[in-house]
Each structure stands twice: as structure tokens, then as C-alpha cells.
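Below is one structure, written out as C-alpha cells; comments come after it.
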Amino acid sequence: DNTFLGKVDLETGRGRLSVTASRLRPYARDPSALNGNDNTFQNASKRVSTQYVVTAGPWVSESRFGWNNSTFDRYPEFWVKESPTRGPQPVLASAEKRIGSFAVSGVFSTPNTELVQMNYHSYNFDQKVTRIMGAHAVKLGVRWSREMGSKTNPQANGFTYNSLDDLLANRASAFLLAMGNPPHNAWLDQLGGFIQDDWRVSRKLVLNLGMRYDIYPAFDYKATTELGAEINNLADPTDIRKMDFGAPRDPHDVVEPDLLNFAPRVGFAWTVDQEGATIVRGGVGIFTTSHLLAQFQNAVAPPFSPVRQGWNATEIASRGVKWPMYPEETNEIVIRDQAGRKTQYYMFQNDIKAPETVQATIDVQRQIGRRMMISAGYVHTDGKNFPIVRNFANAFDRETGARPNPAVTPGGWYITSTQTMQYDAFETSFRVNGFRGVTTSLHYTLSKGTAQQGGSLVGNFNSYPNAGSDNTRP
């Protein structure tokens, strides 16, 4: 590692400016049990953050700006081994002439290689103004942030065999072609604002009242090489079991922007007795957040080549795919199969929503004497609109190998905002401060969480009687 960290605080009249900067250059080499396939990690991180606070009478202004840049590069040693029959591969980020791997289930595997190169930037600006007006402290604020990134992750062909006999007969049961995400730049914005009033109703009671509003514009991207880069999303299906997706969307209009996200919040602190020994605190609020940039970035694909293409035994046999076919050969098979159709890799619910939670707390704290404190509280979180990912590769008839919609890429995924979650917890704490020079703390939590997650298309052709169109299970 090679790390630098610096911070400067500067008084400027009524204001105070703080600047923090850091730089990291971690390096690692991960030995592999497979000869000649050590992984080299060459990473980097740079960060700058500033804060400027100005006070003028009852007014307080806080301005913040931040920038972060992180890179992640992983180079498997076997990736650069030259093929004895195809010669050198001049483009590092191309899989075309890379030597593939094969594995026998439960027995052994040869080196499997995937090159990963990622570069991530984030920018954010926050402005908050506070005005003290008697019993009220009113705050107004806005926030803008942008995440940007580039990524490519090609992988050599992978063949899987059920047994040694199948290997000797070159009869694969599963195959993976992964040309990877093409080089590209992508970005995702967020814009929001809030108003909050901290109101001291009386000496014993304080109320916190607030409202936040956020806009989540749609994801966008652009190709950075002649390979091109697209996301070819389709209109939502009427029946996910049939995968009957509709017409293609514009490649740069992947999903609809999420423009209506109101998040009211209310909280209180109540001092029960005159001595201030018992305090009750509570609050409830709605919170939203943007989707992860990586969720959309993983969907960027070459216009006609697959990011990931999986075939089952039936599909392998029908295409005559055998070891040691190279990516440049199997990629041509995919292009031929598509007959001019664009690559459909990840697909998204067209009006995918921002994840949202409703969070509520209530807590009672009691001071006992000068040294002891006991508290008990309840926490509740109810979430919705979290992403569920369904794998198209798992959607086929286990007897015939047929797929409900052959036009949908078997290596792809379908993402919807249909995951939900719920969490409830009772928490209690007991603390003794400085008794004979020792501070003792005890904490107990009883909690339960449930979530509807990990949705899969595996059940599309199962015969269980209660299979619904959503095909998700808790």
C-alpha cells in the first residue's frame, strides 16, 4: 500500500473552511492453487472533500462538496497466456483468442480467467441553511450527486462436464460464453431537497418535523470504443412465465425516471419529569435512495455479442459446441442465432421504483442515581421497491430443454422493484459509569427480519400448484 492523507482547517472571518484529501495505491498478488494463474490486483483511490460553514447572527450556512475516484483492476496470469493455435491477442480487454477452461463436476477444473477493469467517480454537492427563530430552528437544504463509472469484464469460455466419461467424449452439460461488458462510461444522478423544523414546544418537549423530496433521473451511458455499447430493454411482459416481453425501447431510454419521491418525517423528545431523569424519544419517517450504478452498468452490452451466454446440454449439442472452441468462434454462433437481433442481456421493469423504507423508533431512557442508566426501545423497518433479479438461464423445460421465449438471451437477467422486507427489534441497555474506575455496559436485542428476495425463474416449468405469475418466494 502507498497512502497519503491530509487535512486543512482555515478560519476565514465568519466562516470556517475544511479540506480533506487522500490517496491510496494498494497492490496485491493472490497466489492460485492452479499453476500459472495468480491474480494481480492494482487498485487506486483518490478523494477530496470540502466543507464551508458561515455564521451570521441567526443564520448558519453549510456548503459541502466531495469527489471520489476509485479504480479496480484484476489481471489473472493465465489471461495473457498465448494460444498455441490462435497466436497472440493484441487487445488486452478482448476474449476472442483466450484459452478456455473445463471442469468435471465434483472432480477438478482447469484455470478459469476473467479480466476486470473498473473506474468509478462520484461527485456530490450539499447546501444547507439554518435559521434560528425563537423556539424554531428551520433548516432548508438541497443535494445533487452524480455517480460515474466505466467497466469491462471479458472471460474465457467455460465448459462443464458431469463426469469423466463425458469429458473424454467431449459431451458438455453446460457452457458459458462471456464477452463481457464493452468499454463504456455510465452515469446516474440524484437531486433532492428538504425542509425541517426543530421546534422546542416547551422546556420538556421538542418536535422535529420535516419533508424531503428526491428526483432520480434515468441511467445513461456512452460507448468509449468502436465495439459499441447498448442496453436493449423491452416493454414489460404480460406474463413472466411466458417471458412475452414487448417492443424494444430506445437503447438510451432504458427505464422511466422516478420523479415523485416525497418523504415526510416526524420525531420528538419528551422529558417526563422535572429532574430530567426520564426521557422518551421516538420518530417515524419515509426514506428513499437511488438504485446502485452497478445494477444498470452490468447491463451494458455489445450491440450483437453477448455479455454472458449460457447453454444447456441440448443447446450445446444442437450447435456442435465442443472443447476447445474459442470465444471468437462461439461468438459467431450467437450472432448467427440472433439473425440480426440486438443483444438482450439485462432487462428492467420499465417503471422501476427507487427503494423505499418506512422506519419507526420509540425509546425510553431512565437515569438511576448518578452512575446508572437503563433504556428500552422498539425499532421497526418496512421496506419495498428493492430490486429482485431473475436469471433467464434457469428458465427452460427440464425434460426437453426448450425455453418459453428463445428470443430472450439465456445468459441474461430480468430486474424488477418487487422485493420487500420487514424488520422488528426490541433493544434494551444497562450502563454503570465509573464504578470503582470501571464502566460496565450490557445490551440485549431480540429481532426478527423477513424479506421476499432471490426471485428466480426456476419455477417456470415446475408443476407445483400455487405457482404465481411473479414466481418469487420468501
Side-chain angles (χ1 to χ4, degrees), residues 146-147 149 181 184 186-192 213-223 228-262 288-304 306-308 338 341-357 383-395 403-421 452-457 460 468-472:
R146 165 168 285 193
E147 294 180 82
N181 301 108
H184 65 278
W187 55 93
L188 190 63
D189 291 333
Q190 175 183 347
L191 180 64
Y213 175 69
D214 287 287
I215 295 174
Y216 302 105
F219 165 87
D220 208 353
Y221 61 95
K222 66 177 181 180
E230 292 183 355
I231 298 180
N232 294 295
N233 197 21
L234 301 178
D236 292 330
T238 59
D239 187 341
I240 186 60
R241 293 170 298 183
K242 299 177 182 178
M243 294 199 291
D244 56 346
F245 291 88
R249 293 177 64 93
D250 186 307
H252 289 276
D253 183 24
V254 181
V255 295
E256 302 296 330
D258 192 356
L259 303 179
L260 297 176
N261 293 280
F262 290 97
T288 63
T289 186
S290 65
H291 288 283
L292 296 175
L293 175 67
Q295 175 178 286
F296 295 102
Q297 194 173 17
N298 287 340
V300 179
F304 296 99
V307 177
R308 295 175 66 87
Q338 292 180 174
R341 297 192 306 270
K342 293 291 187 73
T343 298
Q344 291 159 354
Y345 180 42
Y346 270 66
M347 282 182 274
F348 297 90
Q349 174 185 328
N350 293 178
D351 62 343
I352 193 166
K353 302 299 182 183
E356 177 183 308
T357 60
K384 65 178 183 178
N385 297 339
F386 292 93
I388 276 184
V389 181
R390 298 173 171 88
N391 186 353
F392 292 143
N394 293 328
R403 298 189 181 276
N405 185 352
V408 176
T409 304
W413 310 80
Y414 181 48
I415 299 180
T416 63
S417 54
T418 52
Q419 181 182 163
T420 61
M421 60 82 66
Q452 180 193 39
Q453 61 182 358
S456 173
L457 290 174
N460 279 354
S469 62
D470 196 31
N471 283 300
T472 58

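Along the sequence shown, the residues carry numbers beginning at 1.
No donor-acceptor pair closer than 3.5 Å links the side chain of E356 to the backbone N or O of N385. Side-chain N or O atoms of Y216 include none that pairs as donor or acceptor with a backbone N or O of N261 at under 3.5 Å. A donor-acceptor contact shorter than 3.5 Å is absent between the side chain of Q297 and the backbone of A186. Using a distance-only test at 3.5 Å, with no hydrogens or angles considered, no donor-acceptor pair links the side chain of D351 to the main chain of Q349. Using a distance-only test at 3.5 Å, with no hydrogens or angles considered, no donor-acceptor pair links the side chain of N232 to the main chain of Q344.
P387 places none of its side-chain heavy atoms less than 4.5 Å from the side chain of T416. With contacts defined as side-chain heavy-atom distances shorter than 4.5 Å, the pair I231/P251 does not qualify.
Counting all heavy atoms, side chain and backbone alike, P237 lies closest to Y414 at CD-OH, 3.4 Å. Across every non-hydrogen atom of I352 and S417, the tightest pair is CG1-CB, 3.7 Å. When all heavy atoms are compared, the tightest approach of N298 to Y345 is O-CE2, 3.2 Å. Here the closest non-hydrogen pair linking F304 and R341 is CD2-O, 3.5 Å.
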Audit row: N233, N350, side chain to side chain contact (heavy atoms under 4.5 Å, CB included) steps and yes/no: CA-CA 8 Å; N233 197 21; N350 293 178; 3.4 Å; yes

Side chain to side chain contact (heavy atoms under 4.5 Å, CB included), that's the test. Do R390 and T418 meet it? Break it down for me. CA-CA 11 Å; R390 298 173 171 88; T418 52; 4.0 Å; yes

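Rounding to the nearest 0.5 Å gives a distance of 12.0 Å between CZ of F348 and CG of D236. To the nearest 0.5 Å, the span separating CZ on F386 from CE on M421 amounts to 5.5 Å.
K342 is linked by a salt bridge (charged side-chain N to carboxylate O under 4.0 Å, His left out) to E230, counting only residues two or more places apart in sequence or in another chain. In this structure, the side-chain contact (heavy atoms from CB on, under 4.5 Å) partners of A229, at least two apart in sequence or on a different chain, are P182, H184, A223, V300. With sequence neighbours excluded, no residue forms a side chain to side chain donor-acceptor pair (under 3.5 Å) with T343. Evaluation of the salt bridge (charged side-chain N to carboxylate O under 4.0 Å, His left out) rule for D189 yields R146 as partners, not counting sequence neighbours. With sequence neighbours excluded, the residues that form a salt bridge (charged side-chain N to carboxylate O under 4.0 Å, His left out) with D214 are R212. With sequence neighbours left out, Y346 forms a side chain to side chain donor-acceptor pair (under 3.5 Å) with no residue at all. A search for side-chain contact (heavy atoms from CB on, under 4.5 Å) contacts involving D253 returns R249, D250, not counting sequence neighbours. Under the rule for a side-chain contact (heavy atoms from CB on, under 4.5 Å), the partners of Y213 that lie at least two apart in sequence or sit in another chain are I215, L260, F262.
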Return a table of donor-acceptor pairs under 3.5 angstrom between the side chains of residues 289-296 and protein atoms on other chains or two or more places apart.
unit_1	atom_1	unit_2	atom_2	d
H291	ND1	Q295	NE2	3.3
H291	NE2	K353	O	2.5

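Put simply, the residue from Y221, W187, F219 that forms a ring pair (Phe, Tyr, Trp, His ring centres under 6.0 Å) with H252 is Y221.
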